[in-house]
A.B. asks: 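Structure in structure tokens, see below.
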Amino acid sequence: MRAIAEGLFTDDAPPRLIGGRHRETGRIVFPCPESNDYEAWPLRRDGTLWSYTVQRYRPKSPPYAGPEDFAPWAVAYVELPGETIVEARLANVGLDEVRIGMSLELTQIPLDPDATDGVLIHAFQPAGGAA
Amino acid sequence: MSDVCIVGIGIHPFGRTDGVSGLEQGVFAVRQALGDAGIEWPQIQFAYGGSDAAGNPDTMVERLGLTGIQFINVKNGCAAGGSSLASASMAIQSGAFDLGFAVGFDKHPRGAFNALPAEYNLPDWYGEAGYMITTQFFGAKIMRYMHEHGISQTSLGRVAEKAFRNAVHAPHAWRREPVALETILEAPLVSDPYTKFMFCSPAEGGVALILASEKKARELGKPLIRLKAAAMRTRPPGSFEVFAPSIDVVRGGSATNIASADAFRIAGIGPEDVQVAQLQDTEAGAEIMHLAENGFCRDGEQEAWLAEGRTEIGGALPVNTDGGCLACGEPIGASGLRQVYENVVQLRGDGGGRQVPGAPKTAYSHVYGAPGVSAVTILER
């Protein structure tokens, strides 16, 4: 399965997110801006939950390209120490088990779990596997 | 530099008005404001107008009269109203004009705002994956704030409960039925920790405010409501804004911090001098966070403030006396001007059942919008 867009993930196994590092200030952002001011910067895979909410209604299409079937998902901001705080889905954790400060690691999940030829998006899951 | 005075106010009721365009609601508000000021349309020298989704405000001249006035359109997200007022204020302070107005109107479709990534300099995948949704930002921002500063979900509920209770007495408000705290807290979640009563809805409405130099205001014989400050500012490094694929580890302030501090400096007063405030409350937690971001309390003190009723109409600092965005809904172009309209009503003593007791002399308004803009005004009677 391919990633939802080019330039989001490295080819490493397991993959890392590609952020951008500002050449002068050192500020790290995600995704990497299309600008000569930034150089590609593979982000660390481990972090902690900085904050979150739950998406409880199906977003409008366009722009949402997910399945018609809808189940609530958690949207997190994950602090990658010393780098940046990345917005991402949470995976492999119950919505009532999400806690600020919990240890997380990067993973990939399909945007549509039932699609045979779908796309992958970035997500974080409890470090060391399911909670 | 001349003081700027507000000499006329007009409002088209907020909510849903089928069959009336956003622009027509704006024209309604302008005509009401002209009547309130006791002036005729040809006397108006300039206008600034905001609308996000209901057409270009300058086209109003076709309805109001082709007098050739300067009419500039303003597009600044949810801060459009505050931005047009700040611009109108400067037009008079500069001495270029002595009578003009700020107007805002809008008419949004039902449901959440439907933003597209390209409009915010974001890649398409961001929207395709389901992130182009304002309610996610609001939920995540308050979740962190509650964690850091000990704010309970009950406090979120108290803000919404107050909004609907205050709006009962505001003829221009959309939702004018009280809702019990338990009902608010037990309603379905939309974006955790917010239930459906804790978010405002996109809506319709129009507001117009007529501004005059002090000399002109005296000629008109109007009570002097002075616009002591109107500051519009953008975000600093390290702020946390809507539609953010990443935010800085080193946390910073907000556009509101800057706009508020500048407005107090310009007006020459402090937060302790404010007697009534309208703070952006697109969701219940926004009112709580904006109390601190505007300098009225320290982070975390809101829990006690709400439990003690300090932001009630009879409290130490009445906040959102007409029900705010929660009860009025949010027509983007008009929303920030509604806050100032409400403050003028309060300073004139015309609030009826929602009037702040003790004849307030100083009123404050604050509006926040994407992607990190704030506008603050301070009025004095």
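Because the structure is predicted, anything quoted here is derived from the model rather than measured. Within every chain, numbering begins at 1; the chains are lettered A, B, ... in the order of the sequence lines, protein sequences first and strands thereafter. The basis for the numbers below is simple: all heavy atoms, side chains too, and nothing from hydrogens, waters or symmetry mates.
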A.B. asks: For a quick check under 3.5 Å, do B/S191 and A/Y57 share a side-chain donor-acceptor pair by atom type?
C.D. replies: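 There is no such pair between these side chains.
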A.B. asks: At a heavy-atom distance under 4.5 Å, which candidate from A/I28, A/L8, A/V54 has the highest pair count against chain B?
C.D. replies: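 Of the candidates given, the most pairs with chain B belong to A/V54.
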A.B. asks: In terms of heavy-atom proximity below 4.5 Å to chain A, should B/P188 be classed as side chain, backbone, both, or neither?
C.D. replies: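 Neither part; nothing is under 4.5 Å.
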A.B. asks: Going through the checks in order, is the side-chain contact (heavy atoms from CB on, under 4.5 Å) test met by B/Q136 and A/V75?
C.D. replies: CA-CA 7 Å; B/Q136 291 177 4; A/V75 179; 3.8 Å; yes
A.B. asks: Identify which part of A/L80 has an atom lying under 4.5 Å from any heavy atom of chain B, answering side chain, backbone, both or neither.
C.D. replies: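 Contact with chain B involves the backbone of A/L80 alone.
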A.B. asks: Between A/Y77 and B/A244 (side chain of the first, backbone of the second, donor and acceptor by atom type, cut-off under 3.5 Å), is there such a pair?
C.D. replies: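 Confirmed, A/Y77 side chain pairs with B/A244 backbone.
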A.B. asks: Would you please test B/R251 and A/W50 for side-chain contact (heavy atoms from CB on, under 4.5 Å) and show each step?
C.D. replies: CA-CA 12 Å; B/R251 309 299 313 125; A/W50 187 78; 3.6 Å; yes
A.B. asks: To the nearest 0.5 Å, what is the distance between NZ (A/K60) and CE (B/M132)?
C.D. replies: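 Answer for the NZ-CE pair, A/K60 versus B/M132, is 13.0 Å.
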A.B. asks: Taking all non-hydrogen atoms of both residues into account, name the closest pair between A/R27 and B/D248 and its distance.
C.D. replies: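 Closest pair (atom of A/R27, atom of B/D248, distance): NE-OD1, 2.9 Å.
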A.B. asks: Mind checking whether A/E83 and B/V249 have side chains closer than 4.5 Å, heavy atoms only?
C.D. replies: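 A side-chain contact is absent here, since even the closest heavy-atom pair is not under 4.5 Å.
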A.B. asks: Checking B/P117 against chain A: side chain, backbone, both or neither under 4.5 Å from a heavy atom?
C.D. replies: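 Answer is side chain: those atoms of B/P117 sit under 4.5 Å from chain A.
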A.B. asks: Rounded to the nearest 0.5 Å, what separates atom CZ in B/F137 from atom CD in A/E87?
C.D. replies: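 One gets 10.5 Å once the value is rounded to the nearest 0.5 Å.
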A.B. asks: Looking at every heavy atom in both A/P31 and B/P245, which two are closest together, and how far apart are they?
C.D. replies: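 Closest heavy-atom pair between A/P31 and B/P245: CD-CB, 3.8 Å.
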A.B. asks: Do A/Y64 and B/Y131 make the cut of ring centroids closer than 6.0 angstrom?
C.D. replies: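 No, too far apart.
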A.B. asks: Measuring heavy-atom distances to chain A, does B/Y145 have an atom under 4.5 Å in its side chain, in its backbone, in both, or in neither?
C.D. replies: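 Neither part, no heavy atoms under 4.5 Å.
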A.B. asks: Can you tell me if A/D12 has over 12 outside heavy atoms packed within less than 6.0 Å of its CG?
C.D. replies: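 Count over threshold, so yes.
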A.B. asks: Mind ranking B/R144, B/H147, B/M143 by heavy-atom pairs under 4.5 Å with chain A and telling me who comes out on top?
C.D. replies: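 Ranked by heavy-atom pairs under 4.5 Å with chain A, first place is B/R144.
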A.B. asks: For the pair A/H122 and B/W125, name the ring-plane relationship: parallel under 30°, tilted 30 to 60°, perpendicular over 60°.
C.D. replies: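 Perpendicular: the ring planes of A/H122 and B/W125 meet at over 60°.
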A.B. asks: Please classify the contact between A/V29 and chain B as side chain, backbone, both or neither, with a heavy-atom cut-off of under 4.5 Å.
C.D. replies: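 For A/V29, heavy atoms of backbone and side chain both lie under 4.5 Å from chain B.
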A.B. asks: As an exercise, state the distance from CG of B/D192 to OG1 of A/T53, rounded to the nearest 0.5 Å.
C.D. replies: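 If we round to the nearest 0.5 Å, B/D192:CG and A/T53:OG1 are 5.0 Å apart.
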A.B. asks: Taking all heavy atoms of A/I121 and all of B/A129, pick out the closest pair and write down the distance.
C.D. replies: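 Taking every non-hydrogen atom into account, CG2-CB, 4.1 Å.
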A.B. asks: Got a second to check how far A/E79's CD is from B/S246's OG, nearest 0.5 Å?
C.D. replies: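 If I round to the nearest 0.5 Å, the distance is 12.0 Å.
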A.B. asks: Under a 4.5 Å heavy-atom cutoff, which of A/T84, A/V119, A/V78 has the most pairs with chain B?
C.D. replies: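 Maximum pair count with chain B is reached by A/T84.
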A.B. asks: Is B/F240 in contact with chain A via its backbone, its side chain, both, or neither, using a 4.5 Å heavy-atom distance?
C.D. replies: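 It is the side chain, since no backbone atom gets that close.
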